[in-house]
Amino acid sequence: MSKPTPFQRVEGEEIMALGNSSCQGCGHATLARITFKVLGKNTVYTSVPGCIWIALQGSIPLYWRGTVFEGGGALISGIANGLEAVGKEMIVVGFYGDGGTADIGLQAMSAAAERNENVLWICADNEAYMNTGGQRSGLTPIYASTTTTPVASESRGKKSNKKNVPFIMAAHNIPYVATASIAYPNDLIGKLQYAKELKGFKYIHVQSPCPTGWGFDPARTIKVARLMVESGIWPLYEVTGGNNFKLTYKPRELKPVKEALILQGRFRHLDDSEYEYIQGQAVERWRQLLNVDGKKLPL
Ligand SMILES: Cc1ncc(C[n+]2csc(CCOP(=O)(O)OP(=O)(O)O)c2C)c(N)n1
């Protein structure tokens, strides 16, 4: 893999315009700015309903197509095949939210991955259906308060765990799967540069904190994103060549999950046993990932 390049040294123009209608501190805006600067102008991007389409579309002056919520996988497949048929080489990127990826979008994405379509799928994961008011998705973490999993006398927030979509995608044996965070731009840039040059289906899953839906000060988006990684809640890794697993960032010691969660209003209600549960999960997952670091996943 090529060495990650600091963002300032990514050659090429800024593609995203300064003005857009995202919320203050929107993680997706940072993610889109980095992504399109790395991918460059020879890119077609696609959207399904969600914040990226609604809040950012007007500020990304590239070829664009959008489709129904469930159709992302079909749309990028069609565009990639159409371009190939007319002999045009362009990067085809699907820039979708967690709902458009992990819930309603999962079937068409899986089919496109199984066919190994030559596309890059980016899941901009803000962990709920933010564009429609913050309803829970399959990528909302356990105990998070959302508009459909509110905290009340009989409810402690979301009841189930976050789906492990990067591993679901790795199980498709596609050329590249990675997780990333907007708080680690060099790591993200290196992954985008690697994916840009590779043929076949590439999947990059980026955690993108949402001040509006997660309930934190918009000035703290990067701080929250960083703590989610440093506490082991959102580990950074990649799976190349179908099954070679590698952690791309290894904090010497994990920070307590409470440091990350306490900043977020959606977890304001957590009691000691709930913190303990999330802490235990993070530590156990990290132990498992360290065990497979540098090895082949049995996929
Ligand atoms: C079939 C269908 N169901 C529901 C909707 C309404 N809808 C539009 S955007 C959206 C939420 C998108 O959430 P996500 O994919 O997580 O992206 P985000 O906005 O959070 O970035 C929903 C539910 C729709 N457009 N189509």
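Both backbone and side-chain heavy atoms feed into the values below; hydrogens, waters and symmetry mates do not. In listed order, ligands and their atoms are each counted from 1.
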Answer with yes or no whether S208 contacts ligand 1, where contact means a heavy atom under 4.0 Å from a ligand atom. no
Starting from [atom], which protein heavy atom do you reach first, and at what distance in Å?
atom                    : value
atom 22 (C) of ligand 1 : T132 CG2, 3.5 Å
atom 17 (O) of ligand 1 : G97 CA, 3.6 Å
atom 14 (P) of ligand 1 : G99 N, 3.5 Å
atom 4 (C) of ligand 1  : F69 CD2, 3.9 Å

Could you check whether D125 pairs with K162 (Lys NZ or Arg NE/NH1/NH2 to Asp/Glu carboxylate O, under 4.0 Å)? yes
Any idea which part of [X] is under 4.0 Å from ligand 1, heavy-atom wise: side chain, backbone, both or neither?
X    : value
S137 : neither
Y129 : both
D98  : both

Could you list the atoms of ligand 1 found under 4.0 angstrom from a heavy atom of [X]?
X    : value
H28  : 21 (O)
C51  : 18 (P), 19 (O), 21 (O)
I104 : 1 (C)
P49  : 8 (C), 9 (S), 12 (C), 25 (N)

How about H205 and I122: do any of their side-chain heavy atoms sit closer than 4.5 Å?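 When only atoms from C-beta onward are counted, I122 and H205 do not touch, as no gap falls below 4.5 Å.
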Steps toward side-chain contact (heavy atoms from CB on, under 4.5 Å) verdict (T146, R266): CA-CA 7 Å; T146 70; R266 62 182 178 156; over 6 Å; no
Under 3.5 Å, side chain of R285 to main-chain N/O of G232, donor-acceptor pair present?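 Flag set: sc R285 to bb G232 pair under 3.5 Å.
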Interatomic spacing from CD in Q264 to CZ in R220 - rounded to 0.5 Å: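 Going from the CD atom of Q264 to the CZ atom of R220 covers 11.0 Å.
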Out of curiosity, Y237 OH to K191 NZ, how far, rounded to the nearest 0.5 Å? 9.5 Å
Is there a continuous path of hydrophobic side-chain contacts, each under 4.5 Å between heavy atoms, that joins L236 to L192?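 Different clusters.
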Distance-only N or O hit between ligand 1 and E70, under 3.5 Å: no
Please determine which of W121, F36, F95, Y96 meets the ring-ring contact (aromatic ring centres under 6.0 Å, His included) test together with Y45.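 For Y45, the ring-ring contact (aromatic ring centres under 6.0 Å, His included) check succeeds only for F36.
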Side chain to side chain donor-acceptor pair (under 3.5 Å): which pairs involve residues 54-77, sequence neighbours left out?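 Found S47-W64, W53-Q57, S77-R115.
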